[in-house]
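The structure displayed is predicted, hence computed values, not measured ones. Computed from heavy atoms alone, side chains included, the values below leave out hydrogens, waters and symmetry copies.
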Amino acid sequence: MLECCFCSLFYRNFEKKTLVSPMTMSSIKIECVLRENCHCGESPVWEEASNSLLFVDIPAKKVCRWDSLSKQVQRVTVDAPVSSVALRQSGGYVATVGTKFCALNWEDQSAVVLATVDKEKKNNRFNDGKVDPAGRYFAGTMAEETAPAVLERRQGSLYSLFPDHHVEKYFDQVDISNGLDWSMDHKIFYYIDSLSYSVDAFDYDLQTGKISNRRSVYKLEKEEQIPDGMCIDVEGKLWVACYNGGRVIRLDPETGKRLQTVKLPVDKTTSCCFGGKDYSEMYVTCARDGLDSKGLLQQPEAGGIFKVIWLSLIF
């Protein structure tokens, strides 16, 4: 059973712990906590039980686990590009590998295929994925890139792997399936198809997993570049990593307004999640692929893992 993952863990911990809203804080600290040199780091997930951050390096075919206490990193290599990872209630993890949903056993470093999609599209792979509060693993596909964000258009689809391991397809004609999350009351599903430059919302039925009534809640501005991974905070506001924009932006999905911009010392920010004690820290992944030698000299921490901490509380 895939009954628990980052999403349900995220909601449970925010409900039982008190966090101060980022909007009541006056300054931030940004630190590169791990110089992993990821080709394309993605899918950060906080594992509370081990005080660790999980993430993937897509083209390197690696799932990584960084222990925030010991600062050590463990890595598991799989047989195809791995684009997302999530927690299982029964232990271990689930991951999207190539066009397969897989169960990942960390101890023996094995991956068991649960389902395969897009069998007729040999050039496709999964991209971002996340599990809903009822245990469904949502993930979308895309064509393999010839260069970062350069690919054959509209080849992807959005899927969900249900706890009984059957797969449902929601829609196709997707360019780059990316950021996903759910509102705090589980009634809205948020989703990004990157090359639409839009953050979209759907009405969501948690009991059935059905989505409907798609609409845009935010259109990215030119300097924000390409919307990538996404998470939600305790106030129901969205945080979107902006690929090539070197930032993470906080959005109000109800008003369509940008509330805050956190700029990082790297351009290719890819995704974000909350973690650490009381989930008061934000972890941000990024990429180094696509940077030339000059860019790498200017951004030596590209491909690393960043931690954002809000400081100077205002009472």
Side-chain angles (χ1 to χ4, degrees), residues 38-43 55-63 78-85 95-102 111 113-130 137-161 167-180 189-200 202 211 214-216 218-222 224-230 240-245 267-271 285-292 295 302-303:
C38 289
H39 295 280
C40 184
E42 266 283 7
S43 187
F55 61 95
V56 303
D57 185 349
I58 298 176
K61 306 177 184 177
K62 291 180 181 179
V63 181
V78 292
D79 63 0
V82 54
S83 58
S84 70
V85 62
T96 48
V97 181
T99 55
K100 304 182 292 285
F101 287 103
C102 295
V113 177
L114 303 175
T116 304
V117 302
D118 284 4
K119 294 180 181 179
E120 75 287 0
K121 295 186 176 182
K122 302 302 182 182
N123 194 43
N124 273 20
R125 66 164 174 83
F126 270 118
N127 200 41
D128 206 355
K130 194 171 287 184
Y137 195 177
F138 277 68
T141 55
M142 58 180 282
E144 278 282 11
E145 298 163 295
T146 56
V150 178
L151 72 165
E152 187 178 357
R153 303 285 298 270
R154 302 180 188 86
Q155 296 302 302
S157 301
L158 180 68
Y159 296 95
S160 178
L161 175 71
V167 174
E168 291 194 9
K169 179 178 177 178
Y170 291 94
F171 51 81
D172 54 17
Q173 299 293 306
V174 174
D175 286 322
I176 302 178
S177 189
N178 245 320
L180 319 89
F189 168 56
Y190 297 107
Y191 174 74
I192 292 170
D193 182 352
S194 288
L195 297 188
S196 72
Y197 296 89
S198 175
V199 180
D200 291 352
F202 296 81
I211 62 176
R214 185 174 188 169
R215 65 269 187 194
S216 175
Y218 184 80
K219 285 285 190 179
L220 272 77
E221 298 180 4
K222 185 176 180 179
E224 292 167 345
Q225 296 287 332
I226 303 172
D228 203 324
M230 173 171 59
V240 178
C242 300
Y243 187 84
N244 284 341
D267 287 342
K268 297 182 181 296
T269 42
T270 57
S271 193
T285 52
C286 63
R288 64 191 284 112
D289 277 5
L291 291 171
D292 58 20

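Among all heavy-atom pairs drawn from Ala287 and Ala302, the shortest one is O-CB, 3.9 Å. Taking both residues in full, the closest heavy atoms of Asp289 and Pro59 are given as OD2-CG, 3.9 Å, listed atom of the first, atom of the second, then distance. Of all the heavy atoms in Asn178 and Ser194, the pair that sits closest is ND2-OG, 2.7 Å. Between Val82 and Ala95 the shortest heavy-atom distance is CG2-CB, 4.1 Å. Closest heavy-atom contact between Leu151 and Glu144: CB-O, 3.9 Å. Summarising the geometry of Thr99 relative to Asn124, their closest heavy-atom pair is CG2-O, 3.3 Å, with the distance given to 0.1 Å.
Summarising the geometry, atom CD1 belonging to Ile211 is positioned 6.5 Å from atom CZ belonging to Phe138; distances are rounded to the nearest 0.5 Å. With rounding to the nearest 0.5 Å, the separation of CG in Asp267 from CD in Gln225 is 8.5 Å. How far OG of Ser198 is from CZ of Arg214: 7.5 Å, rounded to the nearest 0.5 Å. Note: Met142 CE to Leu195 CG = 8.0 Å, rounded to the nearest 0.5 Å.
A side-chain donor-acceptor contact under 3.5 Å links Thr96 to the backbone of Ser84. Ser83 places a side-chain N or O within 3.5 Å of a backbone atom of Asn127 that can act as its donor or acceptor partner. Side-chain atoms of Lys122 come within 3.5 Å of backbone atoms of Lys119 as a donor-acceptor pair (strictly under, hydrogens ignored). No donor-acceptor pair under 3.5 Å is formed between the side chain of Asp200 and the backbone N or O of Tyr191. Checking side-chain atoms of Lys130 against main-chain N and O of Met230 turns up a donor-acceptor pair under 3.5 Å. Judged by distance alone, the side chain of Asp57 and the main-chain N or O of Cys40 form a donor-acceptor pair under 3.5 Å.
Here the side chains of Ser157 and Tyr170 are not in contact, with every heavy-atom distance at 4.5 Å or above. Annotation: side chain of Tyr197 is in contact with side chain of Ile226 (closest heavy-atom distance under 4.5 Å). Under the 4.5 Å side-chain criterion, counting only non-hydrogen atoms from C-beta, Asp228 is in contact with Glu42. You'll find the side chain of Phe126 stays beyond 4.5 Å of the side chain of Val97, heavy atoms only. Using a 4.5 Å heavy-atom cutoff, the side chains of Tyr218 and Pro227 are not in contact. Looking only at side-chain heavy atoms (C-beta outward), Gln155 and Asn123 stay at 4.5 Å or farther from each other. Contact check for Ile176 versus Asp128: no side-chain heavy atoms found under the 4.5 Å cut-off. Annotation: side chain of Lys100 is in contact with side chain of Asp79 (closest heavy-atom distance under 4.5 Å).
For Phe202, the ring-ring contact (aromatic ring centres under 6.0 Å, His included) partners two or more places apart in sequence, or in a different chain, are Phe171, Phe189. The salt bridge (charged side-chain N to carboxylate O under 4.0 Å, His left out) check on Arg154 picks up nothing, with sequence neighbours excluded.
Using a 4.0 Å cut-off between charged side-chain N and carboxylate O, Glu224 and Lys219 make no salt bridge.
Surrounding NZ of Lys62 are at most 12 heavy atoms belonging to other residues, nucleotides or ligands under 6.0 Å away.
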Can you list the steps and then say if Arg125 with Glu145 is a salt bridge (charged side-chain N to carboxylate O under 4.0 Å, His left out)?
CA-CA 10 Å; Arg125 66 164 174 83; Glu145 298 163 295; 3.6 Å; yes
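The closest side-chain donor-acceptor pair between Thr285 and Ser271, if any, does not fall under 3.5 angstrom.
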